Amino acid sequence: AVSNLKCSFSSFAVNGWTDVTPNTVTSSEEFGFEIVVTNMKKAKARIVGANASAEAAIVLTPTGMNVIEQTPIGNLMLTTIFTTGGQDGKFLATHSRHVGDTKTVPSPSQHYGYCQVVKP
């Protein structure tokens with residue numbers, strides 16, 4: 001019966017490459033967005049950020065809820081809200097960005113934080 005989730009992420013790992021050797025950097029960064037479930041039967045949601053929003057698909061599994069967004073160029077963003085490990089109404093979550101284009105080296109990243117149900 002989840003309708004909205006507010007997600008907050010405080011740390012991340014980003015990867016770049018030198019030739020074909022991965023170069024991973026970790027750091028902290030505060031950012032967040034809201035996941036609005038628009039139609040659970042059709043597995044549809046909307047990601048709402050500070051500056052934009054995007055349509056997304058929902059995949060429910062025994063381990064959690066996965067929200068998948070595809071950008072116009074075809075990059076995938078995956079947010080997983082886990083069913084276990086959280087506390088005080090906060091569910092552990094990761095937000096992965098699989099970002100690349102046709103001219104530069106890909107820049108994938110993974111952000112770590114939590115999501116909590118927004119009360120109506």
Side-chain angles (χ1 to χ4, degrees):
V2 171
S3 59
N4 293 5
L5 291 159
K6 184 176 181 179
C7 299
S8 178
F9 301 92
S10 59
S11 64
F12 70 95
V14 64
N15 194 77
W17 280 271
T18 305
D19 297 320
V20 295
T21 304
N23 176 22
T24 304
V25 176
T26 60
S27 189
S28 60
E29 172 190 42
E30 293 291 331
F31 90 98
F33 51 81
E34 193 165 332
I35 297 170
V36 178
V37 177
T38 56
N39 189 326
M40 189 56 92
K41 286 185 180 182
K42 292 185 178 181
K44 299 290 182 189
R46 187 156 197 78
I47 307 267
V48 180
N51 299 317
S53 65
E55 298 298 318
I58 298 170
V59 177
L60 296 175
T61 69
T63 60
M65 183 169 90
N66 301 279
V67 181
I68 305 164
E69 170 194 352
Q70 184 173 0
T71 68
I73 195 172
N75 292 313
L76 295 176
M77 313 296 178
L78 168 65
T79 303
T80 299
I81 301 102
F82 297 96
T83 57
T84 60
Q87 61 185 17
D88 300 326
K90 295 178 180 177
F91 297 91
L92 299 180
T94 57
H95 176 71
S96 300
R97 296 175 178 173
H98 301 256
V99 178
D101 65 37
T102 59
K103 296 179 180 151
T104 61
V105 176
S107 180
S109 62
Q110 183 151 24
H111 302 255
Y112 308 95
Y114 65 88
C115 297
Q116 60 189 110
V117 175
V118 176
K119 303 284 183 194

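Predicted model only: the values in this text are computed from it and were never measured.
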Review point. Applying side-chain hydrogen bond (donor to acceptor under 3.5 Å, both in side chains), which residue pairs with at least one partner in residues 26-38 are found, sequence neighbours left out?
Key: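 Every pair satisfying side-chain hydrogen bond (donor to acceptor under 3.5 Å, both in side chains) with a residue in residues 26-38: Asn4-Glu34.
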
Point to revise | Within residues 7-20 or reaching into it, pairs that qualify as side-chain hydrogen bond (donor to acceptor under 3.5 Å, both in side chains) - sequence neighbours excluded | key: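 Applying side-chain hydrogen bond (donor to acceptor under 3.5 Å, both in side chains) to every pair that reaches into residues 7-20, excluding sequence neighbours, yields Asn15-Thr24.
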
Same cluster (ILVMFWY, side-chain, under 4.5 Å), [X] and [Y]:
X	Y	value
Val117	Ile58	yes
Phe9	Val48	no
Phe91	Ile47	yes
Val36	Met40	no

Review point. Could you state the interatomic distance from CZ (Phe82) to CG (Asn66), rounded to the nearest 0.5 Å?
Key: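 The CZ atom of Phe82 sits 7.5 Å away from the CG atom of Asn66.
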
Any non-hydrogen side-chain atom of [X] less than 4.5 Å from a side-chain atom of [Y]?
X	Y	answer
Cys7	Ile35	yes
Met65	Leu5	yes
Ser107	Val14	yes

Heavy-atom closest contact ([X] atom, [Y] atom, distance):
X	Y	result
Glu69	Ala54	OE2-CB, 3.4 Å
Met77	Thr71	CE-CG2, 3.6 Å
Pro22	Val20	CD-O, 3.5 Å

Check your understanding: Side chains of His98 and Ser96: donor-acceptor distance under 3.5 Å anywhere?
Key ->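 On atom types as modelled, these side chains do not qualify, holding no pair under 3.5 Å.
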
Point to revise | Main-chain N/O of Lys90 paired with Asp88 side-chain donor or acceptor, under 3.5 Å | key: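 No; zero donor-acceptor contacts below 3.5 Å.
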
Point to revise | Parallel, tilted or perpendicular: rings of His111 and Phe31 (30°, 60°) | key: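 Correct class here is perpendicular.
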
Practice item. Kindly give the cluster partners of Ile68, where membership spreads through any ILVMFWY side chain lying under 4.5 Å from a current member. Key: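 Besides Ile68, the hydrophobic cluster comprises Val59, Leu76, Leu78, listed by chain and residue number.
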
Review point. Can you name the one residue among Thr80, Leu92, Ile81, Val67 that meets side chain to side chain contact (heavy atoms under 4.5 Å, CB included) with Cys115?
Key: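 So, applying the side chain to side chain contact (heavy atoms under 4.5 Å, CB included) to Cys115 and each of Thr80, Leu92, Ile81, Val67, only Ile81 qualifies.
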
